[in-house]
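Before I ask anything, here is the structure I am working with.
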Amino acid sequence: AEARARRPAAPPDGGGGRSGGERQRVSLARALLRGADLGRTLCAAAGLLLSSRILEGPGRRRRQMFVYYTNLSNAAVAIVHALLFVPGPVGAALRTAKARYFTVLCILVTFIIYFFVLTRFGRHNGRSTLRSLGVRRVSNAFVHYVVPGLTAGEWLTVADRNGLGPRDALEWLAIPL
């Protein structure tokens, strides 16, 4: 009873000073971000599953799958964004700007190397890398274009970047180098 008596009374609007419409917008924005996190996680997982060739049957699986930086960076995106849904200290640690920055930098390195170096502006042997819709092309699209695009898009539009500086980028870019 004493603790209740010492607590300040809630504002008349019940939402910490926010109007009903503002609370709804904030709630909708949070739901959209969680949906984007889930979508990105599923795209990264689907791309990894397809590129692993597990679905093609026994003996077709790529055993050295995680030797490639593309797969490691997509796995990092999938894991970090999936763990954002975990309550408690693990989820809280991954909701920091630094943890999200790590995945953005890793996946952007994947896109930049693939697009500008390996395929020479999205073309391979003179043809677009997205021309056919075979399983390998779909997995390539997911791990090289879709996941980097979704991750960078979120980062550029709505991500919290407070407290980040050039030194943070250098720390995380040391991994692929």
- Hydrophobic cluster membership, I79 vs V86, 4.5 Å side-chain cutoff: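 As far as the 4.5 Å side-chain criterion goes, V86 and I79 are connected within one cluster.
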- Query: How long is the gap from CG on L105 to CG on L170, to the nearest 0.5 Å?
  - Reply: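 Between atom CG of L105 and atom CG of L170 there are 9.5 Å.
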- Which word best sums up how the rings of Y114 and H144 line up, parallel for under 30°, tilted for 30 to 60°, or perpendicular for over 60°?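 Geometry flag for H144 against Y114: parallel rings.
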- Query: With distance as the sole test, does T151 use its side chain to make a donor-acceptor pair with the main-chain N or O of P148 at under 3.5 Å?
  - Reply: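 Here the side-chain-to-backbone pair does not exist.
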- Item | Spacing of CZ belonging to R100 relative to NE2 belonging to H81, to within rounding of 0.5 Å |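 Those atoms lie 5.0 Å apart.
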- Taking only Lys NZ, Arg NE, NH1 and NH2, and the carboxylate oxygens of Asp or Glu, determine whether R40 and D37 approach each other closer than 4.0 Å.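 Judged by the 4.0 Å cut-off on N to carboxylate O distance, R40 and D37 do form a salt bridge.
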- Message: Distance check, rounded to the nearest 0.5 Å: I107 atom CD1 versus F102 atom CZ?
- Response: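 Nearest 0.5 Å value for the CD1-CZ distance: 10.0 Å.
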- Message: Any heavy-atom pair between the side chains of L84 and R34 that's under 4.5 Å?
- Response: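 Contact flag for R34/L84 side chains = no.
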- Query: Mind checking whether N71 and S51 have side chains closer than 4.5 Å, heavy atoms only?
  - Reply: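 N71 vs S51: side chains touch.
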- Less than 4.0 Å between a side-chain N and a carboxylate O, is that true for R161 and D168?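 No, D168 and R161 are not salt-bridged.
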- Kindly give the heavy-atom pair with the smallest separation between L150 and C43, and that separation in Å.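 Reported closest heavy-atom pair: CD1-SG, 4.2 Å.
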- About how many Å separate OG of S27 and CG of L32, when rounded to the nearest 0.5 Å?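 Reported to 0.5 Å precision, the distance equals 9.5 Å.
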- Can you label the angle between the W155 ring and the Y101 ring as parallel, tilted or perpendicular, going by 30° and 60°?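 The rings of W155 and Y101 lie parallel, inter-plane angle below 30°.
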- In terms of side-chain heavy atoms, does T110 have a donor or acceptor partner in T70 at a distance below 3.5 Å?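 The answer is no; no qualifying pair exists.
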- Separation between CG of L108 and CD1 of I113, rounded to the nearest 0.5 Å: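 L108 atom CG to I113 atom CD1 measures 11.5 Å (nearest 0.5 Å).
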